[in-house]
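Notes to accompany the following structure.
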Amino acid sequence: MAKVITPRQEDYSQWYNDLVYRSGLADQSAVRGCMVIKPHGYALWENMQAILDKMFKDTGHVNAYFPLFVPKSLFEAEEKNAEGFAKECAVVTHYRLKTDPNNKSKLIVDPEAKLEEELIVRPTSEAIIWNTYRDWIKSYRDLPILINQWANVVRWEMRTRPFLRTTEFLWQEGHTAHSTENEAIEEALKMHEVYTRFAEDYMAMPVIKGAKTANERFAGAVDTFTIEAMMQDGKALQAGTSHYLGQNFAKAFNVKFLSDQNREEFVYATSWGVSTRLIGALVMCHSDDDGLILPPRLAPIQVVIVPIPKPSEQIDQVAKTLMDQLKSQNIRVNYDQDEKNRPGFKFAEHELKGVPIRIGIGARDLEQGLVEVARRDTKEKIQIPVDKLSTEIPLMLEKIQINLFDRAKNFRDQKTHFVDDRKSFEEIINGPGGFVYAHWDGSSETENAIKESTKATIRCIPLDAPEEDGQCIWTGVKSKKRVLFARAY
RNA sequence: CGGGGCGUAGCGCAGCCCGGUAGCGCACCUGGUUUGGGACCAGGGGGUCCCAGGUUCGAAUCCUGGUGCCCCGACCA
């Protein structure tokens with residue numbers, strides 16, 4: 001068997017890169033730091049979009065679209081936000097090219113086409129959106145505004161990795177405006193919960209819900225809520241964030257409304273987003289050395305039928321009947337009729353792409369009315385009577401979905417530790433890695449010292465962690481709650 | 001931006017030290033035999049050897065300068 005992917009144990013990063021490229025999720029592009037999302041990867045994203053979009057609509061949100069460019073003067077209005085993103089902004093300074101007078105086959109930037117005011121390519125859209133909301137909001141009757149947009153953003157990162165961190169990426173960003181602090185906080189928490197449900201129920205990826213520390217908070221936010229997942233190398237990955245923005249943006253953009261008490265007040269805001277990074281998370285959460293393992297609820301193809309050894313009239317007929325039965329149950333099924341490749345090749349190919357279930361139909365089994373059904377997650381193969389498939393397959397898809405979640409959760413739990421002293425903390429972080437719950441004195445100084453010394457950061461202050469007396473592992477100062485530490489992507 | 005490594009066919013690489021006009025595996029095309037876990041045989045197509053300059057009768061190979069990419073760190077979703 002030709003090996004196409006570096007084994008995880010040999011080199012985890014290389015495994016990830018190999019997987020992304022070999023499985024057809026993405027391709028490298030001619031633009032540094034940017035990738036091409038190939039049809040298989042984009043299909044995954046479309047499935048994520050469809051589900052999230054429905055969840056947003058079900059919670060009362062509507063979609064809209066705001067410009068890619070943000071005038072610099074607007075961008076700088078909310079100081080903390082501007083400062084936080086300043087170092088990674090792409091800036092448009094000119095609007096025209098012209099033929100190079102010294103070389104007619106080349107183009108140069110026309111120095112006469114310099115913009116009066118530079119345009120920032122959005123790294124996030126709070127600025128342009130809040131500048132717009134000012135015009136939309138006059139009265140408490142105009143609130144709340146519950147808008148989401150599907151968009152691309154650009155953040156000029158120094159180092160990129162496919163899906164996990166690229167210069168341009170796709171995401172959704174929700175931006176809501178509210179008349180009261182409570183309502184805005186509830187909104188931020190509600191979307192935090194939506195992300196949790198999406199990660200756990202659809203991606204089969206267990207997450208820890210929590211709040212970010214001041215250091216890790218979104219620039220311009222009062223509070224940032226996060227979901228943190230564990231990857232197979234024990235590192236944490238921030239999979240989604242929801243921010244309570246207080247009145248910071250309302251004040252920066254002068255967005256006021258008249259309350260039902262006839263008082264002028266600043267609007268309360270939230271924003272929340274998940275990106276194509278989720279695809280990277282999905283890959284690193286479940287996949288193995290043979291390729292992707294996709295949760296059935298998101299897999300572009302849930303069931304693939306492979307004729308063995310090749311298509312024939314009899315096999316085609318069984319396959320087509322089966323496809324109709326499965327399709328009528330909204331199962332995404334594909335019949336691999338390609339005559340160029342043999343079954344073994346196809347098996348490997350579909351495993352590489354992460355198809356949850358493979359059905360092998362061969363003349364020999366068919367004589368007994370059987371087909372071979374193989375699960376991608378466990379590699380288990382069983383014989384199933386043809387007439388049982390239309391009931392068995394949906395059940396098996398559900399089993400796979402659940403198994404993936406359970407497996408990921410067990411893995412995470414095994415790599416989760418509770419420690420009470422610096423030495424044990426360092427032993428785990430520097431050794432096997434994983435999540436570490438430990439007491440922390442609550443100061444940024446200590447957080448930074450720990451980061452500097454161990455490269456572990458506070459991923460979040462878990463929302464559901466019990467109060468308990470303890471001492472900061474670094475300074476010995478009293479603490480009432482454990483926080484979650486890990487090295488992170 | 002620091003520290004490493006690499007640019008030779010679509011992909012992965014050898015050749016470079018010691019200059020002589022480019023090769024291997026996979027992929028691709030044609031024909032045939034095959035077909036229950038990445039088939040085999042035969043034939044075939046495909047290269048500005050990253051770019052520019054220099055040394056030389058002659059440069060993938062030596063020298064100089066660019067440039068691009070990858071990995072590790074700092075920054076970050």
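In what follows, chains are A, B, ... by sequence order, proteins preceding strands, each numbered from 1.
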query: Mapping Glu372(A) and Gly33(A) to their closest nucleotides on RNA chain B, which lands nearer the 5' end?
result: Glu372(A)
- prompt: Taking for each residue the nucleotide of RNA chain B bearing the nearest heavy atom, is the 5' side occupied by Lys455(A) or by Arg364(A)?
  reply: Arg364(A)
Rounding to an integer number of Å, can you tell me how far [X] [atom1] sits from [N] [atom2]?
X         : N      : atom1 : atom2 : answer
Glu88(A)  : A74(B) : CD    : P     : 16 Å
Lys38(A)  : C11(B) : NZ    : C1'   : 12 Å
Ile315(A) : G36(B) : CD1   : C1'   : 10 Å
Asp336(A) : G37(B) : CG    : P     : 16 Å
Gln14(A)  : C70(B) : CD    : C1'   : 9 Å
Glu157(A) : G73(B) : CD    : C1'   : 15 Å
Arg487(A) : C75(B) : CZ    : C1'   : 17 Å
Arg22(A)  : C26(B) : CZ    : P     : 14 Å

- prompt: When only distance counts, do a donor and an acceptor, one from the side chain of Lys381(A) and one from the base of G37(B), lie under 3.5 Å apart?
  reply: yes
Can you check the distance between [N] and [M], where both ends of the measurement are the [atom1] atom (answer in whole Å)?
N      : M      : atom1 : result
C70(B) : G54(B) : P     : 32 Å
C18(B) : U64(B) : P     : 15 Å
C11(B) : G47(B) : C1'   : 15 Å
C16(B) : G23(B) : P     : 15 Å
C50(B) : C17(B) : P     : 15 Å
A60(B) : G43(B) : C1'   : 29 Å
C69(B) : C26(B) : C1'   : 23 Å
C6(B)  : A14(B) : C1'   : 15 Å

Can you tell me the pairing partner of [N] across any strand shown, Watson-Crick or G-U wobble, with both distances under 3.5 angstrom?
N      : result
G73(B) : C1(B)
C17(B) : none
C24(B) : G12(B)
G38(B) : none
A60(B) : none
G45(B) : none

query: Would a line drawn from the ring center of Phe218(A) to the ring center of Phe85(A) be shorter than 6.0 Å?
result: yes
task: Return yes if a side-chain donor-acceptor contact under 3.5 Å exists between Ser271(A) and His175(A), otherwise no.
output: no
field: Donor-acceptor pair between Thr124(A) and Arg122(A) side chains, under 3.5 angstrom
entry: no
query: Does Glu193(A) have any salt bridge (Lys or Arg N to Asp or Glu O under 4.0 Å) partners at least two apart in sequence or in another chain, and if so, which?
result: Arg197(A), Lys209(A)
Sugar-phosphate, base or nothing in reach of [X], heavy atoms under 4.0 Å:
X         : value
Ser13(A)  : sugar-phosphate
Leu237(A) : nothing
Arg358(A) : base
Thr166(A) : base
Phe169(A) : base
Ala363(A) : base

field: Nucleotide of C70(B), G37(B), C71(B) approaching Gln28(A) most closely (side-chain heavy atoms)
entry: C70(B)
statement: Phe347(A) has its side chain closest, among G37(B), C75(B), G38(B), to G37(B)
query: Where does the angle between the aromatic ring planes of Phe169(A) and Trp171(A) fall among parallel (under 30°), tilted (30 to 60°) and perpendicular (over 60°)?
result: perpendicular
- prompt: Do the rings of Phe425(A) and Phe485(A) sit parallel, tilted or perpendicular, given the 30° and 60° boundaries?
  reply: perpendicular
Contacts of [X] that satisfy ring pair (Phe, Tyr, Trp, His ring centres under 6.0 Å) - sequence neighbours left out:
X         : answer
Tyr489(A) : none
Tyr12(A)  : Trp15(A)
His61(A)  : Trp272(A)
His192(A) : Phe225(A)

Pairs under 3.5 angstrom only: tabulate donor-acceptor contacts from the side chains of residues 309-322 of chain A to other protein residues two or more places apart or in another chain.
| from | atom 1 | to | atom 2 | distance (Å) |
| --- | --- | --- | --- | --- |
| Ser312(A) | OG | Ile315(A) | N | 3.2 |
| Asp316(A) | OD1 | Tyr335(A) | OH | 2.5 |
| Thr321(A) | OG1 | Gln317(A) | O | 2.9 |

field: Per-nucleotide protein contact string for nucleotides 28-35 of chain B, where B marks a base within reach and S marks sugar-phosphate only (heavy atoms under 4.0 Å, - for neither)
entry: S-----BB
Table please: side-chain donor-acceptor pairs of residues 45-55 of chain A below 3.5 Å, with sequence neighbours left out.
| from | atom 1 | to | atom 2 | distance (Å) |
| --- | --- | --- | --- | --- |
| Asn47(A) | ND2 | Leu298(A) | O | 2.8 |
| Asp53(A) | OD1 | Asn63(A) | ND2 | 2.9 |
| Asp53(A) | OD1 | Trp150(A) | NE1 | 2.8 |
| Asp53(A) | OD2 | Lys57(A) | NZ | 2.6 |
| Lys54(A) | NZ | Asp58(A) | OD2 | 2.9 |

Short N/O separations, protein against nucleotides 44-47 of chain B, under 3.5 angstrom:
none

